Amino acid sequence: MKTEERRSFGNEEIRTIIMTAITGGAFGLLYGYGFEFSLWLGVLVGALFGVAIGFRISKRPPRMEYPMAIFRRIMMAATFFLLTSFGYSYLLDQNLSQAQQYWAAALPLLGWSALIVGIGMAIASLDEMQRRIQTEAIAIGFAGTAIFVGGYALFQFSGLPEVNVGIVIMAMSVFWLAGKLWTLWRYR
Amino acid sequence: MKSKLKIFRAERDWSQAQLAEALGVSRQTINAIETGKYDPSLPLAFKMAQLFECSIEDIFIPDEN
């Protein structure tokens with residue numbers, strides 16, 4: 001039964017678009033700094049991209065309708081994470097002492113913590129079946145990452161090159177997404 | 001577990017979204033319960049029984065093994 005209906009724009013939608021624009025801007029700032037082109041251009045393009053995503057989400061919300069306030073809270077945490085990552089990149093280029101570099105490296109961890117708290121709060125607000133979907137997706141993500149990391153370590157002993165530890169996050173995200181799609185399909 | 005949720009809902013002419021809102025869950029959850037892909041928790045089953053003014057056994061039928 002189709003219950004989805006097109007929504008008119010109100011305060012809720014405008015707040016969502018503003019939040020995605022800010023997150024997009026923060027992403028653009030980090031991207032612009034990382035790839036050494038104009039920061040303003042990065043912020044502008046990122047913000048416009050954010051507006052487009054916010055507009056799309058507000059106009060036609062995803063199939064699993066989370067309250068938009070939760071989505072905005074996650075975006076806020078993501079913005080904080082992106083800004084702390086930008087701060088880290090900026091500070092590392094400032095000829096800091098070794099001790100100061102360690103402190104700078106700890107900066108994005110604050111952003112990570114905010115992101116984890118935001119995601120945790122989002123999961124806590126889900127209903128029982130949505131929570132089961134998330135739990136199963138996380139379990140698949142965890143198991144997949146363990147197999148990937150363990151498997152790669154064995155191949156590494158056989159001569160494969162060492163990889164950046166950041167690939168673990170990437171693998172975790174890919175396996176979580178695969179798990180989410182699988183469980184969504186199961187309970188469709 | 002099979003459920004007669006769809007019948008109860010149809011009797012009242014409610015949409016899945018309306019029932020979901022009354023129970024405080026997502027529409028997807030109602031759909032999964034109706035199609036037998038998800039068994040609700042006891043508190044949710046009690047909530048349904050309360051809403052439809054019947055017992056849990058009236059709504060849900062256990063699988064015969």
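In what follows, every chain begins at residue 1, and chains take the letters A, B, ... in the order their sequences are listed. Remember, predicted model here, so these are calculated numbers, not experimental data.
- Cluster annotation: A:F142 and A:W112 are assigned to distinct hydrophobic clusters (Ile/Leu/Val/Met/Phe/Trp/Tyr, side-chain heavy-atom contacts under 4.5 Å, transitive).
- B:M1 and A:Y187 fall within the same hydrophobic cluster, where Ile, Leu, Val, Met, Phe, Trp and Tyr residues are linked whenever their side-chain heavy atoms come under 4.5 Å apart, directly or through other members.
- With a threshold of 4.5 angstrom between heavy atoms, A:R186 approaches chain B through N, CA, C or O but not through any side-chain atom.
- If you take OH on B:Y38 and CZ on A:R132, they are separated by 5.0 Å, rounding to the nearest 0.5 Å.
- With a 4.5 Å cut-off on non-hydrogen atoms, B:P40 touches chain A through its backbone and its side chain both.
- Among B:I30, B:L44, B:T29, the single residue meeting the side chain to side chain contact (heavy atoms under 4.5 Å, CB included) criterion with A:D127 is B:T29.
- Under the 4.5 Å side-chain contact rule for hydrophobic residues, A:F35 and A:Y33 share a cluster.
- Counting heavy-atom neighbours within 6.0 Å of A:Q156 CD, excluding the residue itself, gives a total above 12.
- In this structure, the side chains of B:V25 and A:M129 stay at 4.5 Å or more apart for every pair of heavy atoms.
- At most 12 heavy atoms of other shown residues, nucleotides or ligands fall within 6.0 angstrom of atom CD in B:E53.
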